[in-house]
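Just below is one structure, and these are the notes that go with it.
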Amino acid sequence: MAMKMQKSHAGMWIMIVAAVLLEAISTLQYFTSRSATRHEVELRAKAELRKAELEIELHTVEMETAAKTLALLAEKNLNNPDSIYAATRLAVSTLRNNTSMAVAYVPDYFPKYGRFFEACSSRFSEDSIYTRQIGSAEHDYTKMEWFQNGLTIDSCWWCEPYLDDSGSQAYVVSCSCPIKNPKGEVVAVVCIDLSLGDLKNLSDYLQVYPNSYYTIHSGDGTAIVPAPDTVPGRKYSIYTKEIGATGWHIEIIIPEDVLFADINRIGRIVGILMLLGLAVLALIIVYTTRMARRMISLAEKNNRMEGELEIAQTIQSAMLPKVFPPFVDRSDVNLYGMVQPAKEIGGDLYDFYVRHEKLFFCVGDVSGKGVPASLIMATIRSLFRSTTAHEENPARIASEINNAISEQNDENMFITLFIGVLDLNSGVLDYCNAGHNAPVSMSKDGCSIIEVLPNLPIGVMNGFTYQAQQMKMNRGDKLFLYTDGLTEAENERHDQYGEQRMIDNLTAMNDLRPHEIVERMEKSVKEFAGEAPQSDDLTMLAIRYQTPAIVMRNDIQQIPTLAEWIDDLKLPQALNMPINLALEEAVTNVMMYAYPGRNDGQVFVEYTEAESEKGKKLIFTISDSGIPFDPTQKAEVDTSLPAEEREIGGLGIHLVRQLMDEVRYERDEGKNILTLVKNI
């Protein structure tokens, strides 16, 4: 009962917290939307103000241009007042939205017309232009602001609004422009009127929002286009911009309830939706509580599975050979292998061991991936070890493993498996291929896929009779085994790595040691796949059947044993002496410099053969675990100099260079490796 009450209280608190969060989110959304709307309105208002500014400037610039043009005409006809009438009439007819244009002269400039002379043309309709002289004592234009400023300025000037009862007979703003005589004296002023009614029509045309409006004020604040009466208590947003040509200010006035009408309507809708959301939330809480219990249970199961996978991965890794070189007491065989699962654990396997001077080895690929495949893999490895403990024929080994797997193969899984038994004394390889990828033979004659019989994979048919095959491996030959995770590896374009690419790369690696071959092939596959995910387990095993190496103590007294070892190699008789001499010098050099002042340490000498461009080449590898020392860095000895003039040392490596065709050094895994090559 207490548990139920706790759950009920928890649900109630969830409802309260959810309601508060919804309210907070709604409020935040509302004010964010208001801010965004205001920002949008401000941007639009600025754009409209700029539009209005350009429209007004278009009118004012047009009128200023007309005023300047009329001033130029008047200056050319200063003594011909009759021509001024025609000029003002022409100017009025070419302008739009203009009511009146006049040229007013200084008093007594034309005595025959009286003290005041002002030629004026006015437009009262599209087809009606009235031209006359309006200067008189009753209309003393010399007292007008536009005339007085026109006498003192050098360019156009706009006056404050006023009632023109003589020319335009309307409220106007006027643009003044001076007229000068040849002496540079101002003798008259051009006046062009712009009706305030035209500006009012312009502001109506540029209305942005319903119930919004424009106002225009002059530089001293006089209303050119006045604002209408506002509603008491109503809030407004006002945006202002100066009109550069005239110094006027234009404003957009927008009621805020118009701006935020949509947001307020959405707010009411959101409130209703919040109530519905709380009701839905209550249902979700009930459902989520039930789902949470299930998720906790699933999480516990997943944690157990992950732990079990880690244990399985550790066990699987422990079952595979991972110490290389594997046979430190043998020099007649060298191996290196690797498994790279596509998932945490995989179904590929390889195994090997030596019994009765025979190397037993296998490489397999279980159908499927994950835990089931890993269990079958472990079973196959155990069966391989138990069967080969008493059986040396690979066909019978495959049959016993197949019968054991087939009897309890309820999951119908199968295994491709290659089993080999290499006689380390004779080099005879007996093998049986159970549906696996055929290995690659790497010899002095090149690289090629070996011939295999089409035996069924393990686990397909109980009682199937497997057939074995046999081949001969010579000293220095290598065998490369792999799973289809190599040849079927795909890149991002879904191209496969393929057998031919594998053969080409192995051919280029024919002179390398097993661990170098496997590591470089692994790198080649990764570079080919690029960013594409690994789709299958990848397994490789390289085996080298080699001439037993000679192992000597760090003792000069061991040098004579080299001659016996070289005799056992059965080299061409003419090469025995020079090769023996070169090896003696090289080994002596190693003992002197790799282990200075020490009596411990060993020197290994290995022999292999390989094909070269001109025929065959003999390769001798001398290795030690002493301090790093590169004898090839010794400078060439100038044998033309007398002995007393030559530097001490260097004759040994000089002799080796003369006897051998190639001498190279490398430091690898803490060892000095000196390679001598003789072409034949």
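This one's a predicted model, so the numbers in the text were calculated from it and none came from an experiment. Only heavy atoms go into these numbers, but all of them, side chains included; no hydrogens, no water, no symmetry mates.
A donor-acceptor pair under 3.5 Å is absent between the side-chain atoms of Q496 and the main chain of E490, judged by distance alone. Using modelled atom types, no side-chain atom of R89 and backbone atom of Y85 make a donor-acceptor pair closer than 3.5 Å. The backbone N or O of M338 lies less than 3.5 Å from no partner atom in the side chain of E522, so there is not a single donor-acceptor pair. Proximity of a side-chain donor or acceptor of Y141 to a complementary backbone N or O of Y105 within less than 3.5 Å is detected. Counting only distance, with no hydrogens or angles, the side chain of R493 and the backbone of N491 share no donor-acceptor pair below 3.5 Å.
Counting heavy atoms from C-beta on, the side chains of D630 and P628 never come closer than 4.5 Å. Looking only at side-chain heavy atoms (C-beta outward), Y497 and N505 come within less than 4.5 Å of each other. K526 is listed as a side-chain neighbour of Q340, based on a closest heavy-atom distance under 4.5 Å. Considering only heavy atoms from C-beta on, Q534 stays 4.5 Å or farther from P341 through its side chain. Within the 4.5 Å cutoff, the side chain of S100 has no heavy atoms near those of the V172 side chain. When side chains are defined from C-beta on, M502 counts as touching M521, because their heavy atoms get closer than 4.5 Å. Side-chain contact between N510 and C447 is present, with at least one heavy-atom pair separated by less than 4.5 Å. By the 4.5 Å heavy-atom criterion applied to side chains, Y109 and N79 are counted as neighbours.
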TODO: Determine, stepwise, if the pair F528 / D495 fulfils side chain to side chain contact (heavy atoms under 4.5 Å, CB included).
DONE: CA-CA 9 Å; F528 171 80; D495 299 327; 4.2 Å; yes
Open item on the list: Run S176 and Q148 through side chain to side chain contact (heavy atoms under 4.5 Å, CB included) and show every step you take.
Closed with: CA-CA 9 Å; S176 304; Q148 294 175 355; over 6 Å; no
- [ ] Let me see the working for T131 and V92 under side chain to side chain contact (heavy atoms under 4.5 Å, CB included), right down to the final yes or no.
- [x] CA-CA 10 Å; T131 303; V92 169; over 6 Å; no
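Under the side-chain contact (heavy atoms from CB on, under 4.5 Å) criterion, D511 pairs with A610, K617, not counting sequence neighbours. Residues passing the salt bridge (Lys or Arg N to Asp or Glu O under 4.0 Å) test with E145, sequence neighbours excluded: none. Every ring pair (Phe, Tyr, Trp, His ring centres under 6.0 Å) that Y113 has, sequence neighbours left out, goes to F117. Under the rule for a side-chain hydrogen bond (donor to acceptor under 3.5 Å, both in side chains), the partners of N181 that lie at least two apart in sequence or sit in another chain are E185. Judged as a side-chain hydrogen bond (donor to acceptor under 3.5 Å, both in side chains), and not counting sequence neighbours, T487 has no contacts. Applying the side-chain contact (heavy atoms from CB on, under 4.5 Å) criterion to T539, with sequence neighbours excluded, gives V339, D348, Y350, V363, T483. Partners of R520 according to the salt bridge (Lys or Arg N to Asp or Glu O under 4.0 Å) rule, which considers only residues two or more places apart in sequence or in another chain, do not exist here. With sequence neighbours left out, R664 forms a salt bridge (Lys or Arg N to Asp or Glu O under 4.0 Å) with E662. With sequence neighbours excluded, the residues satisfying side-chain hydrogen bond (donor to acceptor under 3.5 Å, both in side chains) with E666 are R513. Every side-chain hydrogen bond (donor to acceptor under 3.5 Å, both in side chains) that T142 has, sequence neighbours left out, goes to D140. In this structure D108 satisfies the salt bridge (Lys or Arg N to Asp or Glu O under 4.0 Å) test together with R115, sequence neighbours excluded.
Residue L194 holds its CG atom at 4.5 Å from CE of M63, rounded to the nearest 0.5 Å. Taken from CH2 in W158 to OG in S174, the straight-line distance is 8.0 Å, to the nearest 0.5 Å. For the atom pair CG (D154) and SG (C177), the distance works out to 10.0 Å, reported to the nearest 0.5 Å. Atom-to-atom distance recorded for R123:CZ and I129:CD1 is 5.0 Å, nearest 0.5 angstrom.
Here the shortest heavy-atom pairing between A188 and V103 reads CB-CG1, 4.2 Å. A pairwise comparison of heavy atoms in L538 and G485 identifies CD1-C, 3.7 Å as the closest pair. A pairwise comparison of heavy atoms in W146 and A104 identifies CH2-CB, 3.7 Å as the closest pair.
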Which atom pairs, one a donor and one an acceptor, fall under 3.5 Å between side chains of residues 66-75 and the rest of the protein, sequence neighbours left out?
| residue | atom | partner | partner atom | Å |
| --- | --- | --- | --- | --- |
| T69 | OG1 | T65 | O | 2.8 |
| E75 | OE2 | K180 | N | 3.0 |

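The side-chain contact (heavy atoms from CB on, under 4.5 Å) with P178 is formed by just one residue from the set V190, V186, V187, N149; it is V186.
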